[in-house]
Amino acid sequence: MNQPKPKFKPSRPAEKQRGYYGNKPVKAEQGTGGLATAPEPMKPACATPCVECPLRRDSAPGYLGGYTPEMYVEVLHSPASLACHSSPGFHEGDIGRQRHCTGVAAYRANVGYIASVPVPGLGLIPTAAHESTQLIGHDEENYFASAAEFVAHHKPGQE
């Protein structure tokens, strides 16, 4: 029996966002970091996204914590496990307390992306991030369904 999707809290307007990094632009040469192996795995994504999730269709346009939409897309299409910025342990860098971002999981399901890494002799192996993608599943009504939609929504000058 399919259970109805939970009703989300309305997205917070940009001027009321409490993001952790603000809107100070990130320089392109800083990049988006890199992949690292964590001693403890991140917890699975929650069923409902936080009110500031930039992958929600009703998110505040352009509010990406200083990153460009293109930087986000690069990471969304990587094997990285991305934490929800409002999960416990996020500020402290405590990966074992963090949760996978629900919006990232839904976006990856919508575009059919499987977060995976090459393993010699075995080929591509799905990462822990893909488990959350499978858990959350497709939801094109509430989350972006393509990189083009995400970029168009978040490009500078959108209201």
Side-chain angles (χ1 to χ4, degrees), residues 5-6 8-14 16-118 124-140 142-147 149-151 153-154:
K5 292 269 184 197
F8 300 158
K9 291 180 182 176
S11 185
R12 193 174 279 138
K16 294 185 179 179
Q17 294 275 352
R18 295 179 299 184
Y20 298 117
Y21 300 118
N23 279 325
K24 185 177 178 186
V26 175
K27 296 183 177 108
E29 61 271 11
Q30 285 177 285
T32 53
L35 291 177
T37 303
E40 268 186 87
M42 210 178 273
K43 292 180 176 30
C46 294
T48 56
C50 69
V51 296
E52 295 175 353
C53 184
L55 281 300
R56 288 172 52 162
R57 290 186 180 276
D58 67 347
S59 63
Y63 189 78
L64 298 174
Y67 291 99
T68 66
E70 294 79 12
M71 287 172 157
Y72 256 80
V73 169
E74 179 183 341
V75 174
L76 291 170
H77 291 265
S78 78
S81 290
L82 302 172
C84 171
H85 69 273
S86 65
S87 68
F90 185 82
H91 290 287
E92 302 84 14
D94 184 351
I95 293 172
R97 290 177 48 220
Q98 296 174 18
R99 290 198 166 277
H100 284 273
C101 173
T102 302
V104 170
Y107 171 85
R108 285 176 170 169
N110 288 347
V111 301
Y113 181 76
I114 298 173
S116 55
V117 292
L124 289 174
I125 302 296
T127 66
H130 186 59
E131 292 174 20
S132 283
T133 300
Q134 292 176 307
L135 175 71
I136 299 301
H138 290 83
D139 184 352
E140 293 185 15
N142 294 299
Y143 302 95
F144 295 109
S146 73
E149 285 180 355
F150 177 82
V151 170
H153 179 79
H154 287 294

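Note that the coordinates shown come from a computational prediction; the quantities given were computed from them, not determined experimentally.
Minimum interatomic distance between A80 and A129 (heavy atoms only, all atoms of both residues): O-CB, 3.8 Å. The two residues T48 and T102 make their nearest non-hydrogen contact at O-OG1, 3.8 Å. The minimum heavy-atom distance between G103 and C53, with the atom names listed, is CA-SG, 3.6 Å. In terms of heavy-atom proximity, A45 sits nearest to L135 at O-CD2, 3.5 Å. The two residues A145 and V111 come nearest to each other via the heavy atoms O-CG1, 3.3 Å.
In terms of modelled atom types and a separation under 3.5 Å, the side chain of R56 and the main chain of C50 share a donor-acceptor contact. Distance alone, capped at 3.5 Å, is enough to place a donor-acceptor pair between the R57 side chain and the Y143 backbone. Although no hydrogens or angles enter the test, the distance criterion places no donor-acceptor pair under 3.5 Å between the side chain of S87 and the main chain of F90. Not one N or O on the side chain of S132 forms a donor-acceptor pair closer than 3.5 Å with the backbone of A105. With hydrogens and angles ignored, the 3.5 Å screen pairs no side-chain donor or acceptor of N110 with any backbone N or O of S146. Between the side chain of R108 and the backbone N or O of L76 there is at least one donor-acceptor pair closer than 3.5 Å. Side-chain N or O atoms of H100 include none that pairs as donor or acceptor with a backbone N or O of P44 at under 3.5 Å.
Taking SG from C84 and CZ from R99, the interatomic distance works out to 9.5 Å, rounded to the nearest 0.5 Å. With rounding to the nearest 0.5 angstrom, the OG atom of S59 is 11.5 Å from the CG atom of N142. Here CD1 of I114 is found 9.0 Å from CG of L124. Values are rounded to the nearest 0.5 Å. One distance of note links OG1 of T133 with NE2 of H138; it measures 10.0 Å at 0.5 Å rounding. Rounded to the nearest 0.5 angstrom, E140 CD and E149 CD are separated by 7.5 Å. Atom CE of M42 sits about 10.5 Å away from atom CG of D94, to the nearest 0.5 Å.
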Worked check of side chain to side chain contact (heavy atoms under 4.5 Å, CB included) between Y107 and H77:
CA-CA 10 Å; Y107 171 85; H77 291 265; 2.8 Å; yes
Would you check, one step at a time, whether the test side chain to side chain contact (heavy atoms under 4.5 Å, CB included) holds for L55 with V104?
CA-CA 7 Å; L55 281 300; V104 170; 4.1 Å; yes
Given L64 and F150, is the side chain to side chain contact (heavy atoms under 4.5 Å, CB included) satisfied, shown in steps?
CA-CA 11 Å; L64 298 174; F150 177 82; 3.8 Å; yes
Decide side chain to side chain contact (heavy atoms under 4.5 Å, CB included) for H153 and F144; before the verdict, give the C-alpha distance in whole Å, the side-chain angles of both, and the deciding distance to 0.1 Å.
CA-CA 9 Å; H153 179 79; F144 295 109; 3.4 Å; yes
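In this structure the side chain of E52 never reaches within 4.5 angstrom of the side chain of S86, judged on heavy atoms.
Under the 3.5 Å distance criterion, with hydrogens and angles disregarded, no donor-acceptor pair is assigned to the side chains of H130 and S116.
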